[in-house]
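Treat the numbers as computed from the prediction; the structure is a model and nothing was measured.
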Amino acid sequence: ADRLMRYSAKLVSDKNWLTSWFQDSLSKRAEFDEQCRLHLSDQERCQNICRNKIAALEAEQLELQALCETQEAEEMELKDRLDEALQQQAATETHIQRLMDQMVKLLSVNPSADSVKTHVSQVVAELEASDERLTKQLTGIQDRLEAAKTDNIKVATKLSEEQQRTKRLH
């Protein structure tokens with residue numbers, strides 16, 4: 001009987017220990033479950049942040065590609081304008097050479113009054129044509145200047161917006 005009492009007491013003690021251990025295990029499992037939930041929540045939040053950054057970077061890439069295309073078009077326009085300027089320079093040099101040749105003619109020979117009048121008329125006609133041509137060129141350049149100012153304002157605005165977006169991303 002004494003042995004049964006001790007055995008019964010041991011069983012009660014073991015039962016109490018197992019009950020305590022089981023309760024402790026349940027508590028630890030609840031903590032672990034909460035940690036897992038928080039971890040999954042953090043992972044989901046990080047994935048959403050990454051998706052948003054990816055979307056912003058893709059949008060920025062599209063804008064930069066559009067900007068690149070715009071700059072390529074501007075480069076072509078600038079090349080055309082350079083070619084035009086080089087042609088104008090060549091025409092001006094030719095014109096100067098012609099005028100110098102005419103001046104040499106006038107100075108080298110004793111010309112008659114009629115030939116001087118004809119020559120002066122030709123020079124005046126050339127100068128008037130040159131003035132008209134240069135006035136048209138100036139008007140074209142002024143128009144391009146105004147267009148360039150407008151484009152610069154647009155590009156500056158885009159650049160400012162891109163800088164703000166980039167700042168927000170970082």
Side-chain angles (χ1 to χ4, degrees), residues 31-170:
E31 288 175 19
F32 179 73
D33 287 347
E34 181 63 18
Q35 288 176 349
C36 287
R37 189 189 62 72
L38 289 174
H39 179 72
L40 288 174
S41 176
D42 285 346
Q43 291 299 315
E44 187 176 309
R45 184 182 51 79
C46 287
Q47 286 178 351
N48 287 334
I49 289 170
C50 288
R51 281 187 201 104
N52 290 338
K53 283 185 178 183
I54 288 169
L57 290 171
E58 286 174 345
E60 184 178 5
Q61 180 184 19
L62 290 174
E63 289 176 13
L64 290 174
Q65 286 174 338
L67 180 62
C68 184
E69 291 171 2
T70 301
Q71 288 176 343
E72 287 173 356
E74 288 174 0
E75 179 184 8
M76 294 301 295
E77 181 183 337
L78 289 174
K79 284 181 181 178
D80 291 344
R81 288 170 50 193
L82 176 63
D83 291 343
E84 181 183 320
L86 292 173
Q87 289 172 355
Q88 289 174 359
Q89 180 184 9
T92 301
E93 289 175 1
T94 302
H95 183 68
I96 290 171
Q97 186 60 46
R98 203 170 344 132
L99 290 175
M100 293 297 279
D101 291 345
Q102 289 176 0
M103 192 163 51
V104 168
K105 259 195 222 175
L106 285 173
L107 295 174
S108 65
V109 182
N110 283 337
S112 67
D114 287 340
S115 69
V116 170
K117 278 185 180 180
T118 305
H119 198 63
V120 168
S121 297
Q122 289 174 347
V123 169
V124 168
E126 283 183 38
L127 288 174
E128 287 173 346
S130 177
D131 180 51
E132 192 175 312
R133 178 180 54 83
L134 291 174
T135 301
K136 287 179 183 177
Q137 286 176 359
L138 179 61
T139 301
I141 289 170
Q142 288 171 336
D143 291 345
R144 285 195 303 257
L145 175 64
E146 288 304 315
K149 285 180 181 179
T150 303
D151 289 345
N152 282 345
I153 290 170
K154 289 177 184 175
V155 169
T157 303
K158 284 182 183 178
L159 177 61
S160 176
E161 291 170 356
E162 287 175 25
Q163 288 173 336
Q164 289 174 355
R165 274 193 299 276
T166 302
K167 188 176 181 180
R168 281 189 300 236
L169 286 175
H170 299 291

Next item on the list: Look only at the side chain of S130 and the backbone of E126, and say whether a donor-acceptor pair between them is shorter than 3.5 Å.
Entry: no

Checklist line | Atom pair CD (Q61) and CD (Q65), whose distance is rounded to the nearest 0.5 Å | finding: 4.5 Å

Margin query: Rounded at 0.5 Å granularity, tell me how far CD in E63 sits from OG1 in T70.
Written below: 11.5 Å

Check: D101 and Q97: side-chain donor and acceptor closer than 3.5 Å?
Finding: yes

Notebook entry, point to check: Below 4.0 angstrom, N of the basic side chain to O of the carboxylate: do K158 and E162 qualify?
Noted result: no

Note to self: Hydrogens and angles aside, do Q88 and E84 bring a side-chain donor and acceptor to less than 3.5 Å of each other?
What the structure shows: yes

Next item on the list: May I have the step-by-step check of side-chain contact (heavy atoms from CB on, under 4.5 Å) for Q71 and E75, ending in yes or no?
Entry: CA-CA 6 Å; Q71 288 176 343; E75 179 184 8; over 6 Å; no

Note to self: Please report the interatomic distance CD(E44) to CD1(I49), rounded to the nearest 0.5 Å.
What the structure shows: 11.5 Å

Margin query: Could you tell me if R45 and N48 have a donor-acceptor pair between their side chains, going purely by distance under 3.5 Å?
Written below: no

Notebook entry, point to check: In Å, rounded to the nearest 0.5 Å, how long is the span from CD of Q87 to CG of L82?
Noted result: 10.0 Å

Note to self: Can you list everything that forms a salt bridge (Lys or Arg N to Asp or Glu O under 4.0 Å) with R133? Sequence neighbours excluded, please.
What the structure shows: none

Item checked: Exam field: side chain T135 to backbone D131, donor-acceptor pair closer than 3.5 Å -> yes

Notebook entry, point to check: Out of T157, T150, N152, which residue meets the side chain to side chain contact (heavy atoms under 4.5 Å, CB included) rule with K154?
Noted result: T150

Next item on the list: Applying salt bridge (Lys or Arg N to Asp or Glu O under 4.0 Å), run through E77 and R81 and close with a yes or a no.
Entry: CA-CA 6 Å; E77 181 183 337; R81 288 170 50 193; 3.8 Å; yes

Next item on the list: Would you give the length of the straight line joining atom CD of E93 to atom CD of Q89, rounded to the nearest 0.5 angstrom?
Entry: 4.5 Å

Checklist line | N/O donor-acceptor pair under 3.5 Å between S41 side chain and R37 backbone | finding: no

Margin query: Distance check, rounded to the nearest 0.5 Å: Q47 atom CD versus I54 atom CD1?
Written below: 10.0 Å

